[in-house]
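Within every chain, numbering begins at 1; the chains are lettered A, B, ... in the order of the sequence lines, protein sequences first and strands thereafter.
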Number of protein chains: 2
Amino acid sequence: MAVDQRRSPSASERKRDPERTRALLIEAAAAEFGAKGYAATRTTDIAARAGVNKQLISYYFGGKEGLYKEIATSWHTSAAEMASTEQPLDQVLAGFVQTTLTDQGRLWAWANLAGDSPPVDEAFLRNQVDQLRDRQRAGEIPSDLDPGLLLLALMAAAAAPLTLRQTAGQITGEDPATPEFAAKYADQLALLVRHLSGRA
Amino acid sequence: MAVDQRRSPSASERKRDPERTRALLIEAAAAEFGAKGYAATRTTDIAARAGVNKQLISYYFGGKEGLYKEIATSWHTSAAEMASTEQPLDQVLAGFVQTTLTDQGRLWAWANLAGDSPPVDEAFLRNQVDQLRDRQRAGEIPSDLDPGLLLLALMAAAAAPLTLRQTAGQITGEDPATPEFAAKYADQLALLVRHLSGRA
DNA sequence: GATTAAGTCAACTCATTGGTTGATAAACGA
DNA sequence: TCGTTTATCAACCAATGAGTTGACTTAATC
């Protein structure tokens, strides 16, 4: 027993660790909210998944709603990061298809339906629209399409495995929530966009 | 007081009318479920909207869940009808965009996210995929696209004003839940499909 | 080491909500 | 016309679930 425990608290092995607890709760909440939506999620389930007492939800986030908002706003920032990088269109879409599989993505879908708070960073959207406009000028994309509506259509299409999960399953006979499916689907979208630009 | 009330019961003016009550409940329920999703919907709200005592939900449908299922299955049939008509692709999409505005449409979106029951008539989907394949053979659509995934992408895109309501609002600055928006958006999709087929 | 502060938990409270009960009235058949 | 069935409602009930309380325990500070 000569080892000094405090030398490297290293979070994971400490008995008490507020940061870790917070993180556990946030992670568990994202999973639960993402799977069932806000209304159907039970705080008890969140706590159980996090392996922690449910009172701590109140302690750290002031309750169910506070916890939800914490998560809802956290992706604002992650989306903002994404906004900065300027990639080819099919890359952007592929990335988008990927987020489909994450808890964040599911949460975003719920929020959209429920009409919660504006769930995406405005700057990100504006940026994407601008880039689409540029591509139009460059002749990559037909000029008679409205860039805003086109972005909307492409985002919606990319989110299909998520928003139309059931229907996707019915059509393809596969489980749309797998990385393999996402990859295949992203390829198809890339192909589609390429056809759009005329240079198949 | 000589008039014989019973001569023409005419539903709407009768004091008691099971059929009418049932219909009122179904309509109200579709609206409520569509707006908030199953979990967030209160039976009290349904009854209030229908202008009827809440106990009648149990009386006629055996409870909240029974009422929900009643509605969830009812669109199966309406979708099946839609399946029979063979229209040009942009017409199909336009029709789809339209349903976006209905309670049925919203309900369908919720069901897809929640992973409820398979929410669309299988025959309808198969039919649409087959038609897409035909169009491919006819050269209307690039042959290297998978018809199933293409259908998925197009349906998802068409449902954008619904599934990405918030985001749509952010992008366009308009309310996507209006007939005007739906019309404009449907036009864009038609245009997009036309570009896809190469004959801009 | 004693004191204080922070973190965690089990048990409890209280509002909400779906569902039930029993009374009441309209429709209907004999 | 009278009894029976059907439809409707107001009031009640039981269960659930979010949030609170107070005790207890670990860590930090003096």
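Here B:Thr21 reaches the OP1 or OP2 of D:dT8: one of its side-chain N or O atoms lies under 4.0 Å away.
Rounded to an integer number of Å, the gap from CD1 of B:Ile57 to C1' of D:dC9 is 13 Å. A straight line from CD of A:Glu19 to C1' of C:dT8 spans 16 Å, rounded to a whole angstrom. The interatomic distance linking A:Glu65 (CD) with D:dG17 (C1') rounds to 15 Å, in whole Å. Rounded to a whole Å, the CZ atom of A:Phe61 is 16 Å from the P atom of D:dA18. Rounded to whole Å, atom C1' of C:dT20 lies 17 Å from atom NZ of B:Lys64. One can place CG of B:Leu24 at 11 Å from P of D:dC9, the figure rounded to the nearest angstrom. Between the CZ atom of B:Arg20 and the C1' atom of C:dA26 there is a distance of 17 Å, rounded to whole Å.
Closest to the side chain of A:Tyr59, out of C:dG7, D:dA7, D:dA18, is C:dG7. Here C:dG7 is the nucleotide among D:dG19, C:dG7, C:dA25 with the atom lying nearest to any side-chain atom of A:Tyr60.
Using a 4.5 Å heavy-atom threshold, the side chains of B:Phe33 and B:Asp103 count as separate. Side-chain atoms of B:Thr99 and B:Gln104, non-hydrogen and from C-beta on, never get closer than 4.5 Å to each other.
Judged by the 6.0 Å and 45° rule, A:Lys69 forms no cation-pi pair with A:Phe61.
Within residues 39-56 of chain B, the residues approached by DNA chain C to less than 4.0 Å at the level of any non-hydrogen atom are B:Thr41, B:Arg42, B:Thr43, B:Lys54, B:Gln55, in residue-number order.
Side-chain atoms of B:Asp146 come within 3.5 Å of backbone atoms of B:Leu149 as a donor-acceptor pair (strictly under, hydrogens ignored). At least one donor-acceptor pair under 3.5 Å links the side chain of A:Gln136 to the backbone N or O of A:Leu145.
Checking B:Phe124, B:Trp108, B:Tyr185 one by one against B:Phe96, the ring pair (Phe, Tyr, Trp, His ring centres under 6.0 Å) holds for a single residue, B:Trp108.
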